[in-house]
> 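My questions all concern the structure below.
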Amino acid sequence: ANELFAKYQANALTNFPDAEVLICTRTGPKTAVMTSLYASKEKANQAMAARKPLLEEVKAKIISINTQEVESYWFG
């Protein structure tokens, strides 16, 4: 998990340039939750397509992935 977490931190902004928010939360020694927010469904779909080859590189180290699409609101 440490290796994948470090790789995400180092590359997320480059790999997902259209994301308005990228959050990676370590939820345990072997688990993490990644949250990405996009301005449009189109931008989110592009990011999902770009994510597929990145996951291929590390899929042997990942037990499961759960992807959800939800409405988000920013209060700030």
Side-chain angles (χ1 to χ4, degrees):
N2 290 337
E3 176 189 345
L4 297 178
F5 189 77
K7 188 172 184 168
Y8 182 84
Q9 282 183 306
N11 299 304
L13 293 175
T14 301
N15 291 339
F16 306 106
D18 293 326
E20 295 196 5
V21 175
L22 291 169
I23 301 170
C24 183
T25 305
R26 285 295 294 265
T27 56
K30 296 183 178 183
T31 58
V33 173
M34 276 74 161
T35 302
S36 306
L37 299 179
Y38 294 89
S40 68
K41 173 87 169 122
E42 178 184 4
K43 295 287 185 188
N45 287 342
Q46 290 170 353
M48 287 294 287
R51 188 182 118 188
K52 287 183 182 187
L54 299 172
L55 289 176
E56 283 297 315
E57 296 175 18
V58 296
K59 72 179 182 180
K61 298 176 183 182
I62 298 174
I63 294 172
S64 69
I65 296 174
N66 181 356
T67 302
Q68 297 182 13
E69 184 178 315
V70 299
E71 251 183 78
S72 298
Y73 301 92
W74 179 266
F75 302 99

> Please list all pairs passing the side chain to side chain donor-acceptor pair (under 3.5 Å) test where one or both residues lie in residues 5-25, with sequence neighbours left out.
Lys7-Glu57
> Looking at CD1 of Ile65 and CZ of Arg51, how far apart are the two atoms once the value is rounded to the nearest 0.5 Å?
5.0 Å
> Partners of Glu42 by salt bridge (Lys or Arg N to Asp or Glu O under 4.0 Å), sequence neighbours excluded?
none
> Within the supplied structure, the quantity of interest is the number of heavy atoms (other residues, nucleotides, ligands) at a distance under 6.0 Å from Leu55 CG; does it exceed 12?
yes
> Between Leu37 and Ile23, is there a shared hydrophobic cluster once you connect ILVMFWY residues whose side-chain heavy atoms come closer than 4.5 Å?
yes
> Tell me which pairs pass side chain to side chain donor-acceptor pair (under 3.5 Å) where either residue lies in residues 26-35, with sequence neighbours left out.
Asn2-Arg26, Thr27-Thr31
> Not counting sequence neighbours, which residues clear side-chain hydrogen bond (donor to acceptor under 3.5 Å, both in side chains) with Ser72? List them please.
none
> If you take all heavy atoms of Phe5 and Cys24, which pair is closest and at what distance?
CE1-SG, 3.1 Å
> For residues Tyr38 and Val21: do they belong to one hydrophobic cluster (side chain heavy atoms under 4.5 Å, members Ile, Leu, Val, Met, Phe, Trp, Tyr)?
no
> Do Leu22 and Leu4 share a hydrophobic cluster (ILVMFWY, side-chain heavy atoms under 4.5 Å, transitive)?
no
> Excluding sequence neighbours, so at least two apart, what forms side-chain hydrogen bond (donor to acceptor under 3.5 Å, both in side chains) with Glu69?
Lys41
> What residues form a salt bridge (Lys or Arg N to Asp or Glu O under 4.0 Å) with Lys59, not counting sequence neighbours?
Glu56
> Quick one: pull up NZ in Lys43 and OG in Ser36 and give me the separation to the nearest 0.5 Å.
14.5 Å
